[in-house]
Amino acid sequence: MKLWGGRFEKATDHLVDDFNSSIRFDQRMYRQDILGSIAHANMLGACGIIPKEDSEIIQKTLKEILADIEAGKIEFEIDAEDIHMNIEKILISRIGDIGKKLHTGRSRNDQVALDIRMYLKDEVIGLCDMLVSLEEVLLNLSEKHRDTILPGYTHLQKAQPITLSHHLMAYFQMFKRDIERLHDCYKRMNVMPLGSGALAGTTYPLDRNMVAAQLGFDEITQNSLDGVSDRDFAIELASCLSIIMMHLSRFCEELILWSTHEFSFVEMDDAYSTGSSIMPQKKNPDVAELIRGKSGRVYGGLMSLLTVMKSLPLAYNKDMQEDKEAIFDAVDTVKLCLPVFMKMIETMKPNKANMYKGAQGGFANATDVADYLVKKRLPFRQAHEVVGKMVLYCINTHKSLDELTMNEYKDCSPLFEEDVYKAISLEQCVEDRNLPGGPAKETVSHAIEIGKQFIAQAKYKLNTK
Ligand code: ARG
């Protein structure tokens with residue numbers, strides 16, 4: 001018989017049992033469900049809502065059930081619908097009527113809200129740890145490439161010279177924001193809903209704060225309807241995860257491009273590349289492509305969650321059972337991508353010579369030629385025009401700006417002097433960009449130092465809770 005079978009005269013159709021059941025995907029919350037129940041039982045005993053001895057027996061048995069699940073000794077049943085009723089049923093099968101007291105003052109609606117919050121809190125901590133490791137890889141790589149010059153692009157056209165270090169530190173900033181976003185999202189996840197009951201709280205004098213403290217929550221939810229029907233925290237997390245995937249995907253796209261024969265800016269390690277079954281010469285960046293591709297399913301999770309929650313009347317509706325697969329898959333996918341991405345970039349070999357060569361053609365120093373004239377007191381707009389004409393001349397004569405002779409320079413503007421060659425060397429172009437946030441070696445070194453400080457703090461921020 002079902003735990004809720006009292007008012008029914010007929011058994012549920014087996015198709016409905018199967019359809020309705022979430023045990024296939026919510027069994028992963030077994031630990032959170034049991035810890036939540038232990039805290040609830042403890043509080044029921046402490047508040048005199050059930051006898052202390054019963055509370056202790058329940059808690060002890062729940063711990064045994066937890067150990068048995070972890071030892072692989074328990075099979076869950078589809079008929080028992082979800083993880084919450086499976087565990088309650090096992091408890092009752094072990095200690096009979098005493099077990100039947102556990103659900104006093106609780107509903108599956110606040111129970112599931114609690115379990116997902118607990119589950120996702122742990123996942124957020126794990127995700128932050130992974131992102132911190134990724135940041136460490138980026139800082140390490142950046143330190144090694146402060147002198148590695150490559151072209152920066154806009155519209156995928158060569159724009160101005162930068163360093164690989166500066167480029168990598170741009171991604172450092174993105175993942176830093178991702179960590180901060182996860183920390184922020186964690187705050188709203190860290191609110192304890194038990195005591196909301198099915199929707200309207202409960203008549204028992206539960207000590208909600210006691211349960212919150214035992215389970216490591218900062219606060220309790222402030223409205224019982226909202227307590228059971230809020231899934232904002234899952235949507236926020238899915239959005240954080242989508243942004244992480246968007247960042248990974250952009251990075252992957254660049255690495256795919258950079259590892260083409262045409263660019264040859266990086267070579268992926270053999271261990272992080274794959275071959276073709278027909279074309280013997282191929283070395284494909286499958287890992288990067290797959291990560292880029294997997295961003296799609298994470299965005300899909302976010303869209304599913306938003307769509308499931310849209311138009312749901314208060315409070316709990318069964319639609320909300322659909323939250324789990326979407327958010328679990330999004331979390332799993334990001335957790336799958338981050339370590340392999342990290343290893344891939346840690347082992348790739350940047351080709352400094354090709355990067356430098358890439359920065360040479362394409363007039364990446366044209367702005368610096370204009371800036372040279374500005375330093376000689378020509379208004380910028382005029383300097384821009386002079387250099388624009390020079391670029392056209394170079395294109396027609398198949399030269400680069402630094403290959404022009406002094407006479408050619410003088411023909412374009414009498415302001416040019418010998419020192420122009422040094423001023424527009426790629427090294428100088430980078431070094432002169434030393435404003436905060438710029439690519440100059442000093443500036444990037446400073447950014448790396450600040451980055452290290454951020455990582456040192458981020459490391460223990462959530463873990464100490
Ligand atoms: N398995 C359900 C879910 O994931 C648990 C809550 C069920 N509550 C209910 N009233 N049917 O949402």
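Counting begins at 1 with the first residue of the sequence. Ligands are counted one by one from 1 in listed order, and the atoms in each one are counted from 1 as well.
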Could you tell me whether a side-chain N or O of Ser107 sits under 3.5 Å from a main-chain N or O of Asn109, the two making a donor and an acceptor? yes

Nearest non-hydrogen protein atom, atom 10 (N) of ligand 1: Asn109 OD1, 3.1 Å

Subset of ligand 1 atoms that lie under 4.0 Å from at least one heavy atom of Ser22: 1 (N)

State if Lys324 counts as touching ligand 1 under the rule of any non-hydrogen atom under 4.0 Å. yes

Give me the nearest non-hydrogen protein atom to atom 5 (C) of ligand 1 as residue plus atom name, then the distance to 0.1 Å. Asp82 OD2, 3.4 Å

For Glu267, the side-chain contact (heavy atoms from CB on, under 4.5 Å) test, sequence neighbours excluded, returns Lys283

Under the side-chain contact (heavy atoms from CB on, under 4.5 Å) test, which residues partner Asp332, sequence neighbours left out? Arg28

Hey, can you tell me if Phe341 and Phe251 have their rings parallel, tilted or perpendicular (30° and 60° cut-offs)? perpendicular

Heavy-atom nearest neighbour in the protein, as seen from atom 6 (C) of ligand 1, with distance rounded to 0.1 Å: Tyr316 OH, 3.4 Å

A student comparing Lys318, Gln321, Glu322 should find that the heavy atom closest to atom 2 (C) of ligand 1 comes from Gln321

Ion pair Lys452/Glu136, N-O distance below 4.0 Å: no

Scan Met29, Gln27, Gln321, Lys324 and name whichever one has a side chain to side chain contact (heavy atoms under 4.5 Å, CB included) with Ser22. Gln321

Residue, atom and distance of the protein heavy atom nearest atom 11 (N) of ligand 1 read Arg108 NH2, 3.6 Å

